[in-house]
Structures are given as C-alpha cells and as structure tokens.
Number of protein chains: 6
Amino acid sequence: MPLPLNNLGVVKRNIVRPDRDAVAKLEGFGSATVHEAMGRVGLMKPYMRPIYQGARLCGPAVTVLLHPGDNWMMHVVAEQIQPGDVVVGAVSAECSDGYFGDLLATSFRARGAKGLVIDAGVRDVRDLTAMQFPVWSRYISAKGTIKATLGAVNVAVVCAGALVNPGDVIVADDDGVVVVPVAIVAMVAEASAAREANEGEKRQKLAAGVLGLDMYNMRAALDKLGLRYID
Amino acid sequence: MPLPLNNLGVVKRNIVRPDRDAVAKLEGFGSATVHEAMGRVGLMKPYMRPIYQGARLCGPAVTVLLHPGDNWMMHVVAEQIQPGDVVVGAVSAECSDGYFGDLLATSFRARGAKGLVIDAGVRDVRDLTAMQFPVWSRYISAKGTIKATLGAVNVAVVCAGALVNPGDVIVADDDGVVVVPVAIVAMVAEASAAREANEGEKRQKLAAGVLGLDMYNMRAALDKLGLRYID
Amino acid sequence: MPLPLNNLGVVKRNIVRPDRDAVAKLEGFGSATVHEAMGRVGLMKPYMRPIYQGARLCGPAVTVLLHPGDNWMMHVVAEQIQPGDVVVGAVSAECSDGYFGDLLATSFRARGAKGLVIDAGVRDVRDLTAMQFPVWSRYISAKGTIKATLGAVNVAVVCAGALVNPGDVIVADDDGVVVVPVAIVAMVAEASAAREANEGEKRQKLAAGVLGLDMYNMRAALDKLGLRYID
Amino acid sequence: MPLPLNNLGVVKRNIVRPDRDAVAKLEGFGSATVHEAMGRVGLMKPYMRPIYQGARLCGPAVTVLLHPGDNWMMHVVAEQIQPGDVVVGAVSAECSDGYFGDLLATSFRARGAKGLVIDAGVRDVRDLTAMQFPVWSRYISAKGTIKATLGAVNVAVVCAGALVNPGDVIVADDDGVVVVPVAIVAMVAEASAAREANEGEKRQKLAAGVLGLDMYNMRAALDKLGLRYID
Amino acid sequence: MPLPLNNLGVVKRNIVRPDRDAVAKLEGFGSATVHEAMGRVGLMKPYMRPIYQGARLCGPAVTVLLHPGDNWMMHVVAEQIQPGDVVVGAVSAECSDGYFGDLLATSFRARGAKGLVIDAGVRDVRDLTAMQFPVWSRYISAKGTIKATLGAVNVAVVCAGALVNPGDVIVADDDGVVVVPVAIVAMVAEASAAREANEGEKRQKLAAGVLGLDMYNMRAALDKLGLRYID
Amino acid sequence: MPLPLNNLGVVKRNIVRPDRDAVAKLEGFGSATVHEAMGRVGLMKPYMRPIYQGARLCGPAVTVLLHPGDNWMMHVVAEQIQPGDVVVGAVSAECSDGYFGDLLATSFRARGAKGLVIDAGVRDVRDLTAMQFPVWSRYISAKGTIKATLGAVNVAVVCAGALVNPGDVIVADDDGVVVVPVAIVAMVAEASAAREANEGEKRQKLAAGVLGLDMYNMRAALDKLGLRYID
C-alpha cells in the first residue's frame, strides 16, 4: 500500500496521554510560569484570547485539522474526547468563521472536554460564557461553516504558531496558551513549582522596596556594559 | 436636471421601515441564528465588537456616510432617527477617530435610537457603558473629529463589508452584527424561529452524550469520502 | 569628550516633574476631554488598551527605552520612580513579549508608581487585575524576556506613536492614553475644566431632545455647502 | 413561489452592460482621476494590489460571490463573461486561498475577459504576469480551493469594501480599483476628461515654480483660519 | 542524565537529507503544483514574500531557531550548510528586525546555500537582489540585531505556520513557500509531474474556449445542488 | 499672549539645516549602515515602503503635520522647501488616503525637493515612478483629500514611529527610512564610513569560506553559554 502523501482523512484513536498525576501537578500554574519553566518555548501567538476573562484550563490535547469554512471534523473529534481533554483546532489557512458554538460545546462537555483552543473563530460566546466553557480563539464570528471536506484528528498540527502533538498538555489562561510536550510534563511541573516557590520570597522583598537591581545583583553587569547615570 | 454623480450631500427623510411586528419577532434571536437563517450572508466583518459584553439590539437602520476625521453628519442623522432605530455609520476610508461619545449618545437616545453600529472609532466608552447605550465599532479612540464635509444620510452604505440599505434590520450581539434586508425580515424571523425550535431537542441529545456523528447521520458520508480510523 | 551618537546606556536621574497641583487638577478629566483641550494632539495609537475595564490614571512619566525581547531596563527604571509617577515603556522595534508581570508590578507599586503604559506585551494580567495595578499595553503575552542589552531611562521616547518626554503627564482611561507636555499641564487642566463645564448644559439640552443641528447652529453652514433633503 | 432568503445559487445571465462608447471614453483615465470625478466614492480598500506593476484595465463587471476556500463558482462565472468584461470576485468571509491561477486565466481570456479583481488570493502569478493577464487581489497564495458550495453570479456584491453591481465599470491601475455605477459611466467619463484637461495647465505652472498656495488662492483662507508664520 | 526541557542550545550536525535525484525531480515544479500534489498541506502563511520577483528555489532545509532581535545563531547555522541547502529561520516571537544582510548572504553562498526562508526581517535587499540570492521573509527592515542568546540549529521549527524538520525540502517561488517532508519527496515529485502532465491538455482546451463547467463535468453536480439560471 | 496649547497653525520658516558637506558624506550610505552607525535608533517602522524598487535619497527634513483625509498643509510646506530637502509628512491619526500625487510632485520638484516620506497614502504612482520622484509611504490609494484644517509645518513630528525634527537628515532606500538628528550628522557619516571600510575585508573572507563563527571569534562565548553539538 502506498504511503499517503499526508494525514488528511485520518483519525487516530489511541494517543499517548500524559500521566494524570503529572497533569494534576501542572494544573495550578499559570501559562507564564509554565512557559518560563520550559525555557520560553511552546507559546501560541498572543492573538489567541479567551472568550471571557478569568478562563483557565490544563489538560491533554486531542487535535483536529480543519479547512477554511468547514467544521465537519469537529464532530469527528468529539468522539475521541476523553474526560479532561482539551480540543485543539488548527485550520489549513486563516479563517475567521465561527467553527464552534453552544451545541458543540454541549457535546464536548458531555464527553468530558475541559475546553477548546482554536486558531479560527467561534460563536455563541454569550452562551459559552454562561456555560463557563472556556475557549481561546483568534476570532469571534457569527458566521457558521459547511461540512464538506476531510481533515484529520489526532495528528500533529500547528496551531497559532505552536506545534501540538496529541497528548501534549495545554495550559491556558488570561496570558495565553502554552503547549507542554507529553514527554516532559512531569519535569515541567517540577520546574514550575521551583519557579513559583522562588517567587514568594522575591515578591515580599520587592513589596518592601528592595530593587530588582539589588535583589538580582544587576548593577555590576550594567556598569560593565557602560550604563551611565547623569543628572 | 443632471443626474448627480453620487449621493453626497443628500439626506433622505422617508425610508421604508420594516413592519414593527416583524422586527419584534426577530428581536429574541442571536446574530448567529439570524445569520444561519439567512443562508450565511449579511454579516459584518468580525472586527466589529461591542464596547461592553452582553450588548445586544435589533432594529431598523438609519444610515450615515461619513468622511475620515469628520463626524458632522452624525448631527444630521440624529434628526432622522425614529424610536427603535439603529444608526449605522460608514466612512469613505478607514479611520480610527472617535466619531461618537456621550453627548451624541444622549441626543440619539432622546430621539429613541436603540444603539449605534459604526465602522470607525468611538469614545467615552465608560459613560456609554454606564448609560447602557450599545455600540459596535471597529476602534475605541479618544480622538475627536472635525465638522467640515458633507456626507449623506439614508443612502445605501457599505459598513464593515456589509451592504446596508436604510430600513434594513440590524441584529447585533456579542457574536457580531448581521444585516437583514427589509424585504425579508418576516421570513428571516420565521426561519430563525424554526432553527431555534430545532435546537432545543438537539441540545438535549448532545448533553446526553449522543454524538453529532450519529445525530446528523454523518458516518456514511465521511466513510464514503475515505475517512480512516487508525489505532 | 565626543558627543554620543545616541542616548542608549543613559539614565537621567533628575527630571522636571510638573507641579503637583496642576497634575491634581488634571486628574479628574477623561482622556477624550484632555485630548480635545489640547487641540487634538498627543494621543497614543488606539491599539493601546487597558488590561482591565475601568482602569484610569494621571501622573508624570518616567520613560524607559527597551529592545525587542529584553526587559532589563525595567529594573533600572524602577529605581527612578517617585510616588505618583507613571512608567512609559517604548521598544526599539515591535515586540509582543511580556515585559512586565506581577513581580515588577509589586516593585513599581512599592516605589509609588501609579501604573504602566508600554508599547509591547505584559503578562500576569489576572494578578495585575487583582492588584488593580493599571496597565495599558499593545499585547498580552505569557512570553518572558531576557536581560542583555542597554536601553535608556528618562530620555525622550516615542511610545505608540506619541512623543513622551520625562515629566510629561500621562492621562489614560478606557478611551486611550494622552500625553500632556509638562510645560502646559496647568493650561490643559484649565481648558479641560472649561470644556467640561460647558458639557453639562449641552447634555441637558440634548437629553431634552434639542438637536445638535440647532444647538450648534449648523443648519446654515450645511445648507451653504449644498445639503439637500429629499423624500 | 416563496421569495428566497438570499441570492445563493443564482446565476443571472442577462445584465445591463454600459454603452461601449462610454466605456471607451473612460478607458484612458487613471483610477485617481475617475475617483475624484465621481466625488470620492466607489474606491475599493487600498489592500487591493495589482500582481504586477503597470497593470491597468477598464471594463464592465461580471460578479461572483464565493465562499472561503471554495472557487467552484469561478467556473460558473466563466460562462457569463463577454468580451471586454472584468470578473469581480467577493468572498463571504476573508480568505487568503488562491482562487485563481493560469488555467482559469486561460479560460477567462478565451472568453474575452480583460482581467480579474478578487478580494481573496490568487496563484501562478509568474504565469499570469507572463500572460499579462491583469489581476488585483488581496493575497497571493499557492493554496488551492475546493468545489463544494453554491455561491452566486451577477448579483450585487461587496468587494473590498465597495458595492459592485453587475455591469458597473471597473477602473483599475497601480493606484487601486474604482467602481463606476453603470448609470453614470458617461457622466463620469466627461467629468474625468474635464479634470484632466484642467491638469495640464496646472502641471505646467507648478513645474515653473508657481506655488499651489497662489495658484489655488489659498493664502486668504489659511490666514483667516489663523495660520501663523514664525521664524 | 536528565532530559532537557527543550532543544535550546543544541546544534544537530547530522541530518537526513533527501535523495539528490528526488530533489532534482521536484526542482522544476512551482509551489502551487507541489502544494496540490501533497493534498494542500505544508504551505507557509502567505505573508512570506520573495524580496525580488521571480525568485525561486528547491532544496533541503537546515533549520535555525532564533529569538527576537538576536541573530547569533545565523552564524552557527552557516557552518551546517551543505551545498544545495536552504536555510529556514524561525523566531520564538514575532520580530521585524533585519536578521540577514549581504555579509551573511556572502557567507551562506560560500557554503553552498541556495537561499533563505525566514519568518522575520532581512535587510540589504538591494545587494541581495544584485547577488540574486533568493530570500523569502515576512519583513524588510534596516534594523540589525544583537548576539546574546542561544537558539538551536537543525531542530524541528514552526516557520510561518508550517512545521519544518531539518532535511524537509523547501519549494519556494512567487506564490509562496511549501515544505515537503523528507520521507515523501520522491512521491511528491511524481505526483507533481502527474499533475503537470495533465495540465497541458487542459490549458489547450480552455484556450480553445471549452468551459471548465464542461471539461470537468460540473453541470450535473451544480444542478443537483440547486443552481438556478435566471434572466 | 498666552502660550498656545500646541503647534497647530504654525509654519516655522527658518530651520537649522545640517552642513551640506556632512549631508554629502552621508549620501553614499545605505539605511542599514547608517542605522547601525547610530547605535540602532532612529528607524521608521518597516511598513514604510518605497513606491518603486531602487528608490533612495538623503537630505534634510522639512516636516508637515496633517490630519486624516486633509492634505491642505502639503501646499503650505511646498513653499518652505529648499533645494535638497526631503518632505516628511505625519498624520494625527492613521489614514490611507492619497495625500500626494503627480501635481504636488511637480511642485515639490520645482522647489528642489529630493523626495517625500509620508506616514499615509499617495497616488499617481505610475507617474511618480516615471518622474523618478522617490516616495516612501504606508499606503497607496487613489482616494484624494480635502483642504479644511490647519496642521503645522516644520514642527517636531512623529512619523511612522520615529521622531523627526526639521533639519534632521533622512536616509531612505529599499531597506527603510532612518532619521539622523541634525546635531550628529557629521559623526554618523564618519561612523558609517568606518563601518563600511570594515565590511569590504569581511566580505572577502566570508566569500572565501571563512565562517563568521571564526572571523568574529564567537566559539568560546557560545561554548560558555552551553551550546552543544550533537550528531
């Protein structure tokens, strides 16, 4: 059988999900902390915004590749959702159409989905907000879509500039959306905890008026580079 | 008398407004439902956003054509507002200036306007929010405008990519702004009602865990196109 | 000693701050009023948005020039903050990175800063909102920055299209960010008060149904330009 | 028979084309001249750019309404082209896909089309340039489209912010794309000729060093508004 | 040894390059043909534009991950170039700075590079054009960069929305940039040849006035969907 | 007499122009070289593009502040042009209108202007190209402007993100537009010459296959930061 030229038309049923405990450990951290803990990689583009303030989630990705103006595969991905999953939608070209609304949200929630991240548009945001179903999207648009073309489910996708493999953990909040590769979830959780432990003390010092210049010992380095104070 | 080359400098006083009952029937529906009911046409571009969450309105358009940096015609259109109307502002070139603030909102409301849709900027959004005067705009900007050039009132305009004839009904909410041609308002209201009636049952099934794949009988069609499930 | 080619690497410690009373007089006015009072100059581009609705501030600028992906000078500027100051950050090229989060906000607040205006990204917006630390920025992004390059503090900067000299007063709210040159703060406060005094009466008339066309005596001018009413 | 809710699925075969002589008279003028002659209305947004420098055309529009990612109706419109026509393509939502390439250009040219104006993407621009088939588009993209959805042919469309009725004359060059309503083509041609006749003399004076300030008698008006010359 | 959290600081020296013959077979095809042959995946976003018209290339990718405002790794990747390679540069956040100019181009060419594809800015475009060194970039900017941070060489990167693994073949021309995974280069070359063979005959028919409607037998399908011709 | 709140309505006749010899020395250098020589400040945003490839100029700025949709002050600035000057136009809010065409170019050239840099739109680009009158602009648009509002001439302006004082030297080419403060023109010319002298030798070495890694002695620093080579 010839190798297919691409993954279109494929639904992968079994994906490697991360250890539940590791996900649970990541859950408390914000996207900024996790992104730092990873070494500043894996962030989606900042145009991805939550549809309501305060939305946040953490869970493994099931991925779906869609085409402009066509949300058929959203129904296909619904069947692959397991409790705790986050659906990640990528589109083969930029499209502002509303791929997702309250009916699909009802279905996704019934399957146990924690939320949706989609590099396209969504609609029914009033209802989604009332449901407290968290969504990060590029656009909000009342425009619906057709159901005509095959995409793919649980293949690697590029969503908002970030590579997402099925099973990677999505951490999203008001600051944005970070993708944690499945293989390093536990490590990133630890590194995040280490960062945060560290921050409490710093916060206290800064609140007391200590300058970052002193707390981080920056003065010598700045001086060496030639920083000059003038009056 | 020679035919004028364009409508600049014209104020049309008598426009055909839709039947009040038909507007009332449309009033309950969201922009996404109405847009679907119309066959997915008539939506303004998704950059049109409400200045506060939860804003919504439904009413016939009185239109105004403006020029960059000049809001003079906003005062001219004010006189043409009848209770229940929605003012729709288009600009002859993109401009982020604040064409509308709390004084004009006071005037518009005194005339009975339900709200404003404008493909430009507005200001005083804190006051407008306090007044609960709903506005959809492309920009928010503190910058005011001059009063120097003639535009037009109640001519056909293109606003945010959609054609609006005076009297067309504007349906706007968090999902965007839809334009319903005056001739089909009653039909669209009916079609919207039909859609919505239909949705309650679907929502219930989906909430119970039925998949869209089954509810909409999609499996055969997907299979025929070659969708492959792999493990 | 040769004249340096630019101000990079310079921190100016003593800047001319405006009279406190003059700043206090400006404090009550919105950015739209102040911008009008100045003759419609000095507004930053409308892409500058508050991270939470209702944010507002008024205070003298301490400025900082940063480089893409590098927030080192944010620590240097912290030391130059005096109570009531507003930090204004410009970047030598567009960058969406998060230059500022809750730790720096803690430090800035400890120094007495009223808020931040930055032509780049910020993060930890949930925390900043909880702190009610007002920030106007172009982007929100979880991505942090490095500390490698010298910028400058308290030099003239261009921030979001507006020239800001240290000591200029920043007036910011939901409508945007205006820069008032230090030399004219008192005059602008007076002119703002005059405008606002004037507005109460106008608002009342408009609320009573008087048209702007009549209140501002616009009909003759419109007629002279050829405005035609048709039926 | 019930009135359809929209024009999707409709192909209008007989459209009112403008008088050939009137089109011929317009043919010599640039888009800037024609736009001025019309009173500064009817210009498409400036993001519409020719795929090669120096492209220009003038001819009646046959219109086509397309959907995101779907160019099926391009084949339907091809049959409606008459010699001298310009195809104008609008899309129901923004889409950068390449709707048009050298094969369709070959077909359009065989039907007598003068060129294409499309608010979307095109491809094969090297071939189109070699053919000297003029195209104005928003995007260039190698990505092709599907053939699944009905749009419409020869209905009124909004293309790049301008209303285009079938039969309206398109004037396009390096400065942009202007739409001249079919009813006023002859008048606009005359007005354009008048403008241009007028320009030769002005150009000569300006080349000789006469200032616009004097040639247009602007000094008194500027003085009255308060223009001050300082040293 | 602990698994690193990311690939920053890594230079992979040995990558799997595709068979030279397979690359040679791909070489003649345009990006649109190759993209279609792959099933419409693998295209970079259409904002990637060649710095001069007519630029084109085909060759295996060596990849480099950069940071905003920092081009240090461009010197590191230079050493990994083998004759015929194409350098593909991704940045960890959007940046318009000029990462590449005539000196680096001289160095890359000396190593045998065919060209550069970079999701950022470049400069010296006059010189690059004179050298006929093909570059596809998002921006052109005179602004240079610093050399302070480690990125990575020959790791998987996301460039302009497309995943690029080292060794994947880049096909770029006026229509855009396509990425062909190394494993399917030969298949894509064949599929491209098949497409093109097919096009000559079609072009001839269309040039003779045969309509796509007939050549592709579309009429029945359109009729079935309800396409109506009216007069 | 009260201090005016802003400079609107002011035309400054006498400005400090730089020494002609200093300008002449700068003339040979590209914008990238000059920008580096200044320490990477003073660059306009990269959206400023020449209307034809290969355009370049170097000369002192006469500045003009305009309003959206209003080019009246272009006629006022014309009178202030001296041979060799470059007109720099800023607008008080973003506007794509065509502020400048072939008539104004004829007038500017008659006064000795070398070219125009404007943060707005221009038109008649075919004619301007034929005249080889170099223009850098943000937009190209056939839409003209009105003449109704006072701006200012030869005041400090912010153009495309860069502060321009009258008399500052503008260096523009295919890579962008750089502003050299009048006080340091000679120094920048020297620093540019030093940079360029330095580049010839580097170019030769790189062409011979020497790596930047070795020529700039980067290996130790990269190693210290932890760069790892793997196979």
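Every chain is numbered from 1, with letters handed out A, B, ... down the list of sequences. Since we're looking at a predicted model, the values are computed, not measured.
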Greatest number of heavy atom pairs closer than 4.5 Å to chain E - which of F:Asp174, F:Thr33, F:Leu222: F:Leu222
Short side-chain to backbone donor-acceptor contact, E:Arg123 and E:Ala142, under 3.5 Å: yes
Chain F contact via E:Asn154 - which portion, at a heavy-atom distance below 4.5 Å: neither
Toward chain E, the part of F:Tyr216 with a non-hydrogen atom under 4.5 Å: side chain
Under 3.5 Å donor-acceptor, E:Asp70 side chain and E:His67 backbone: no
Within-4.5 Å side-chain heavy-atom neighbours: E:Arg49 and E:Trp136: no
Engaged part of E:Ile146 at the chain F interface, taking heavy atoms whose separation is under 4.5 Å: both
Distance-only polar pair, side chains of E:Tyr139 and E:Asp97, donor-acceptor under 3.5 Å: no
Neighbour count above 12 (heavy atom, 6.0 Å) for E:Glu190 CD: no
Contacting region of F:Leu43 [heavy-atom separation from chain E under 4.5 Å]: side chain
Engaged part of F:Glu36 at the chain E interface, taking heavy atoms whose separation is under 4.5 Å: side chain
Polar side-chain atom of E:Asp168 near backbone of E:Val182 as donor-acceptor pair, under 3.5 Å: yes
Under 3.5 Å side-chain donor-acceptor pair for E:Asp175 and E:Ser31: no
Heavy-atom pair count under 4.5 Å with chain E, highest-scoring of F:Gly209, F:Ala207, F:Gly176: F:Ala207
Pairs of heavy atoms under 4.5 Å with chain E: top-ranked of F:Arg219, F:Lys202, F:Lys205: F:Arg219
Best-contacting candidate, E:Ile15, E:Thr106, E:Ile51, E:Leu104, against chain F by heavy atom pairs under 4.5 angstrom: E:Thr106
Greater than 12 external heavy atoms within 6.0 Å of E:Lys25's NZ: no
For chain F, the option from E:Thr129, E:Leu8, E:Val125 that forms the most heavy-atom pairs under 4.5 Å: E:Val125
Largest heavy-atom contact set with chain F, pairs under 4.5 Å, which of E:Val76, E:Leu150, E:Asp127: E:Leu150
Check: E:Leu26 and E:Val169 side chains under 4.5 Å, non-hydrogen atoms: yes
Contacting region of E:Ala148 [heavy-atom separation from chain F under 4.5 Å]: backbone
Contact winner vs chain F - E:Asn14, E:Leu103, E:Val10, E:Thr149, heavy-atom pairs under 4.5 Å: E:Leu103
Residue, of E:Gly9, E:Gly151, E:Ser96, that accumulates the most heavy atom pairs under 4.5 Å with chain F: E:Gly9
